[in-house]
Amino acid sequence: MQPLRDAELGAFTFFASPLPHDVCGSNGLPLTPNSIKILGRFQILKTITHPRLCQYIDISRGKHERLVVVAEHYERSLTDLLKQDKPISSEQVLQIAYEVLEGLAFINRHSLVHRALSPHNVLLDCEGKVKLAKFGFYYMTDHGADVDFPIGYPSYLAPEVIAQGMFQSTDPSLSEIPLPSGPKTDMWSLGMLLFELCAGRQVLQNIEISERLKFIITLGCMDDIVTVLAEEHGCLDVIKELPDNVLLLLRKCLTFLPSKRATPAELLEDAVFERISCLYTRYASPVSLFSSSLRCVHLQLPEDINELCKVDEEDYLTERSVDEVYHLWCLAGGDLEKELTNKGIIQSKPPVCTLPNFIVEDGETFGQGRDRSFLLDDTTVTLSLGQLKNRLKDVAGEAYYPLLEDEQTCLPQSISSNELSAAVSLPLIIRERDTEYQLTRIVLFDRLLKAYPYKKNQVWKEARVDIPPLLRGLAWAALLGVEGDIQAKYESIDKDTPIPTDRQIEVDIPRCHQYDELLSSPQGHIKFRRVLKAWVVSHPDLVYWQGLDSLCAPFLYLNFNNEALAYACMSAFIPKYLYNFFLKDNSHVIQEYLTVFSQMIAFHDPELSNHLNEIGFIPDLYAIPWFLTMFTHVFPLHKIFHLWDTLLLGNSSFPFCIGVAILQQLRDRLLANGFNECILLFSDLPEIDIERCVRESIILFCWTPKSATYRQHAQPSKPTSDGNGFVKTMAFYSSEYQDLPNTDLTREPLKLSELKAEVSPRISAEDLIDLCELTGPAHFKTPVKRPKAVKTKIVAVDIRSSEDFSRGHIPGSINVPYSSVFGPDGELLQCPSTSTLASYKSRVVVILSNITKNAVTFAAHLVKVNFPSVCVLDGGINKMKPTGLLTVPSPQI
């Protein structure tokens, strides 16, 4: 995106053609409104940037198929030059022509045609350079098929365009649809513009259409169209005095037959511009974040470095990109329809006045002509930035240039540091609507992402606070570790050859988050199809399962104009959180996942676990869509964004905690209902407070021993380190889940049948040592301690006999012999939860024994009596003996 600088934000509105309400498509679904089609096509226009083009920023959809387009805008245009009523110098005409051709040639390379060239659509910036406005209008409306008015102005349209007339692609009576205009169409329009500039006035206005048609037909028989036009409009003397190169340029543009007319790219290389072209440098497109090209290759510093440090009262906001300024304008209370209403562009009428005709009591019928408010009014309204600038007036200049090397705080100290620090503690939804706060976050993340991957660790650090919505797509890509030339990799994948999965993808897409205007558009469906097919083709060992489309939706929405990045993010996300979920036979993976989830419910909420097990409401009945789609099938996109902002900071076990947090929000209703009521409750899931869910998930995650969620079918881990060689072993907020190293102290994999038979999770000996902070002469690698923020209170309960306990035990552990609780036949003798262990309910209880069966039975009994945070030491006391950490009580003297 280009910086705002001397530009302004402009908005104009128009109506898309309405569709009949009783007509369905070939798939039996209602037809997609034309306004949705236009909205989908518009998105790619936001990526087309060039010094000769007015940057498109946003489009919004209102009632009755109304669309409002926001774009970069300038008040001056060629109309202002023509109003001077005097000829413009030949040198200036050539410069304007060259700059217009630069813009036209650039959009032609993107398969676009302007088709709406006119004096008021050729804007001029403060330096007098050309900026083409509305260059995407013809494309976004499907060459005029989705609107009820022609695209272009009759006085400037090429003869072949006028000969075609207007058409509607949705009209079934048309057997043939005229071909869309090509690049040569704009050359005629440019010629007419240059002709007026040479004449020094607008000579083509107020001409009747019928007269215009007759005149166009006449031109086809003329050899010198320029002379005929000059005679027709009384400016022959002025035209005759033009230099030869200008006359030649006019004749090259105003060639009647398109086949003999040059294209913008061809004319740019013409000898006419031999002296002009050397004044301009070729435009180099900016390098994207994820590519093989150097992003700093075109970096230039001024000769005097002090030029970067001016202390004059500068408008720092104008140095930000136009999309950032518009985003902040909306946060500061900007309302597009209100701005257009204040200028009289949008006029509200009573409903009865919008009817084609109506009948009063005496039977008299009143009719009216077509409501002209539904026709095109291409007036561009300038959006006032006064309210935004007033809101940001207290923001110091330092906030726009934060120091990235300052590790003390993520907030700039220059602006009301106390206010911003207080804003961090506010709910996320409030922070995302706070103009000043979002400005600081956007500026900071923008700089960090431009330094990615060098600043990857700091991106992680700032993402723990929050992620600004405007940069969420790139921030997620950084958190997922996307790097390299993703575009080349994506383009190398065959997305066109038919495959067996095509049919299922076609069925799933029209049902995936179709409440969203962007994803429901035809362009959205096309992109959905391409990204999903690219993933299926590039992962031949995996298969397409229903739900993959839902997983794709958040990435596609955030990277709608960058399919390669959406694909790359999706390809990085699935191995991390859904490893082997998309195997052809994934039953063993799913069953292990659900069993671990059941153990997590028992670990954190034994009362709820007991109730759900008693009524037979097992996770298989409700949790498969949760985890197979990482909750994207359950929640709307705006909730998924907030949920995944935190999910991407956790490891592959974090979804378990999200699932438990959701159940705890529904806890009271679940405990009060039976099986049938619970089924109905989950068939239409009640409203879930996502911010509370995220907050409680983090607490649950930090309270859970990391080995308790061990899965043998999880992705094999690879230790990662930063630039200083620090190995990340944090249980939370680490970029990659670190499974336990392959030592004798790690958890042993269990058969699925054995895992299902156990109610409580197991933890590894290494985890127990870490949590108990045991030290001693061990021959194994001492694990790195957890940060204090995630320390877990733990108590080890040794259920061996007193004799075995006295021969050696873990320091600080308590002895509750199994024989004192259960009899020889397994009958319960006493309940330990009401006596010995009653005071330890606020801790994680680890059951140790030399007989695994006894430890599992003991833990199951504690869960049955609603004792929380119970787990079993994997391998029992035998795993601890080789460590040398066991202690023997001193003999009594």
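The structure displayed is predicted, hence computed values, not measured ones.
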Peer 1: What class does the angle between the rings of Phe14 and Phe149 fall in, given that below 30° is parallel, 30 to 60° is tilted and above 60° is perpendicular?
Peer 2: perpendicular
Peer 1: For Ala534 and Tyr490, work out which heavy atoms get closest and say how close.
Peer 2: CB-CE1, 3.7 Å
Peer 1: So, Gln55 versus Thr49: side-chain donor-acceptor pair below 3.5 Å or not?
Peer 2: no
Peer 1: Within the 4.5 Å heavy-atom criterion, are His50 and Glu102 side-chain neighbours or not?
Peer 2: yes
Peer 1: Side-chain contact test, heavy atoms from C-beta onward, threshold under 4.5 Å: evaluate it for Thr255 versus Ile225 and give yes or no.
Peer 2: no
Peer 1: Hey, are Thr185 and Arg115 close enough side-chain-wise for a donor-acceptor pair under 3.5 Å?
Peer 2: no
Peer 1: Is Phe195 close to Cys253 at the side-chain level, that is, under 4.5 Å between some pair of heavy atoms?
Peer 2: no
Peer 1: Hey, what do you get for CD (Glu65) to OG (Ser17), rounding to the nearest 0.5 Å?
Peer 2: 8.5 Å
Peer 1: Using atom types as modelled and distance alone, determine if a side-chain donor or acceptor of Lys495 lies under 3.5 Å from a backbone N or O of Val531.
Peer 2: no
Peer 1: Could you give the distance from CG (Leu45) to OH (Tyr139), rounded to the nearest 0.5 Å?
Peer 2: 6.5 Å
Peer 1: Can Leu123 and Val130 be said to form a side chain to side chain contact (heavy atoms under 4.5 Å, CB included), step by step?
Peer 2: CA-CA 6 Å; Leu123 308 184; Val130 163; over 6 Å; no
Peer 1: Has Asp335 got a side-chain atom pairing as donor or acceptor with Lys338's backbone, closer than 3.5 angstrom?
Peer 2: yes
Peer 1: Spell out, as yes or no, whether a donor-acceptor pair under 3.5 Å connects the side chain of Glu99 to the backbone of Ile96.
Peer 2: no
Peer 1: Quick check: closest heavy atoms across Leu19 and Thr32, and the distance to 0.1 Å?
Peer 2: CD1-O, 3.2 Å
Peer 1: What pairs with His513 under ring pair (Phe, Tyr, Trp, His ring centres under 6.0 Å), at least two apart in sequence or on another chain?
Peer 2: Tyr515
Peer 1: Looking at Arg41 and Asp146, does any basic side-chain N land under 4.0 Å from a carboxylate oxygen?
Peer 2: yes
Peer 1: Do Arg5 and Thr318 meet the criterion of a side-chain donor-acceptor pair at a distance under 3.5 Å?
Peer 2: no
Peer 1: If you compare all heavy atoms of Leu193 against all heavy atoms of Ser118, which two are closest, and at what distance to 0.1 Å?
Peer 2: CD2-C, 3.6 Å
Peer 1: Determine yes or no for a side-chain-to-main-chain donor-acceptor pair under 3.5 angstrom, with Asp142 supplying the side chain and Gly144 the backbone.
Peer 2: no
Peer 1: Minimum heavy-atom separation for Ile88 and Gln92, please, with both atom names.
Peer 2: CG2-OE1, 3.0 Å
Peer 1: Could you please spell out the steps behind the side chain to side chain donor-acceptor pair (under 3.5 Å) verdict for His525 and Gln514?
Peer 2: CA-CA 10 Å; His525 287 192; Gln514 294 302 285; 2.7 Å; yes
Peer 1: Taking Thr141 for the side chain and Val147 for the main chain, is one N or O donor matched with an acceptor at less than 3.5 Å?
Peer 2: no
Peer 1: Under 4.5 Å between any side-chain heavy atoms of Ile44 and Gln523, yes or no?
Peer 2: no
Peer 1: Would you call Lys252 and Asp270 a salt bridge, using N to O less than 4.0 angstrom?
Peer 2: yes
Peer 1: Measure the OH-CD1 distance between Tyr98 and Ile276 for me, rounded to the nearest 0.5 Å.
Peer 2: 9.5 Å
Peer 1: Strictly under 6.0 Å, is that where the ring centroids of Phe135 and His114 end up?
Peer 2: no
Peer 1: I'd like to know whether Thr13 forms a side chain to side chain contact (heavy atoms under 4.5 Å, CB included) with Leu67, so could you lay out the CA-CA distance, the side-chain angles of the two residues, the decisive distance to 0.1 Å, and finally the verdict.
Peer 2: CA-CA 6 Å; Thr13 183; Leu67 292 159; 5.7 Å; no
Peer 1: Under the side chain to side chain contact (heavy atoms under 4.5 Å, CB included) rule, what do Val68 and Arg61 come out as? Steps first, then yes or no, please.
Peer 2: CA-CA 7 Å; Val68 181; Arg61 181 171 174 258; over 6 Å; no
Peer 1: What is the distance from atom SG of Cys330 to atom CG of Asp58, rounded to the nearest 0.5 Å?
Peer 2: 7.0 Å
Peer 1: Give a yes or no answer on whether the side chain of Tyr56 reaches the backbone of Val70 with a donor-acceptor pair at less than 3.5 Å.
Peer 2: no
Peer 1: Between Lys343 (side chain only) and Val381 (backbone N and O only), is there a donor and an acceptor less than 3.5 Å apart?
Peer 2: no
Peer 1: Do the charged groups of Arg275 and Glu91 touch, with an N to O distance under 4.0 Å?
Peer 2: yes
Peer 1: Between Asp378 and Lys134, does a salt bridge (Lys or Arg N to Asp or Glu O under 4.0 Å) hold up when you go through it step by step?
Peer 2: CA-CA 9 Å; Asp378 66 349; Lys134 299 184 175 68; 5.1 Å; no
Peer 1: What's the shortest heavy-atom distance between Ile59 and Gln43, and which atoms?
Peer 2: CG2-NE2, 3.9 Å
Peer 1: Please tell me if the side chains of Leu328 and Leu317 come closer than 4.5 Å, counting only heavy atoms from C-beta onward.
Peer 2: yes
Peer 1: Is there a donor-acceptor pair under 3.5 Å between the side chain of Arg261 and the backbone N or O of Phe256?
Peer 2: yes
Peer 1: Is there side-chain contact between Lys37 and Ser521, with at least one heavy-atom pair below 4.5 Å?
Peer 2: no
Peer 1: Any idea which heavy atoms bring Asn108 and Val113 closest together, and the distance?
Peer 2: ND2-CA, 4.4 Å
Peer 1: Does any donor atom in the side chain of His120 or Tyr153 lie under 3.5 Å from an acceptor atom in the other side chain?
Peer 2: yes
Peer 1: Is there side-chain contact between Ser321 and Pro3, with at least one heavy-atom pair below 4.5 Å?
Peer 2: no
Peer 1: Using the benzene-type ring in the case of Trp, are the ring centres of Phe273 and Tyr280 under 6.0 Å apart?
Peer 2: no
Peer 1: Is it true that Arg529 and Glu563 make a salt bridge, defined as a side-chain N closer than 4.0 Å to a carboxylate O?
Peer 2: no
Peer 1: CG/Leu385 to CG/Leu4 distance, rounded to the nearest 0.5 angstrom?
Peer 2: 6.5 Å
Peer 1: With sequence neighbours excluded, tell me which residues meet side chain to side chain contact (heavy atoms under 4.5 Å, CB included) with Leu279.
Peer 2: Gln95
Peer 1: Evaluate Leu249 against Leu267 for side chain to side chain contact (heavy atoms under 4.5 Å, CB included), listing each step before the verdict.
Peer 2: CA-CA 9 Å; Leu249 174 61; Leu267 195 52; 3.6 Å; yes
Peer 1: Say whether, by atom type as modelled, one donor and one acceptor occur between the side chain of Lys131 and the main chain of Pro51 under 3.5 angstrom.
Peer 2: yes
Peer 1: The test is side chain to side chain donor-acceptor pair (under 3.5 Å); show your working for Glu75 and Thr382 and say whether it passes.
Peer 2: CA-CA 8 Å; Glu75 289 294 339; Thr382 302; 2.5 Å; yes
Peer 1: Can you confirm whether or not the ring centre of Tyr138 sits under 6.0 Å from the ring centre of His143?
Peer 2: yes
Peer 1: Below 4.5 Å, heavy atoms only, C-beta onward: do Val93 and Cys198 meet side chain to side chain?
Peer 2: yes
Peer 1: Using the test side chain to side chain contact (heavy atoms under 4.5 Å, CB included), find all partners of Glu339 that sit at least two apart in sequence or belong to another chain.
Peer 2: Trp329, Leu383
Peer 1: Just by distance, do the side chain of Arg52 and the backbone of Val100 share a donor-acceptor pair under 3.5 Å?
Peer 2: no
Peer 1: When rounded to the nearest 0.5 angstrom, what distance separates CG in Asn121 from CG in Leu78?
Peer 2: 10.0 Å
Peer 1: Could you check whether His110 and Phe106 have their ring centres less than 6.0 Å apart?
Peer 2: yes
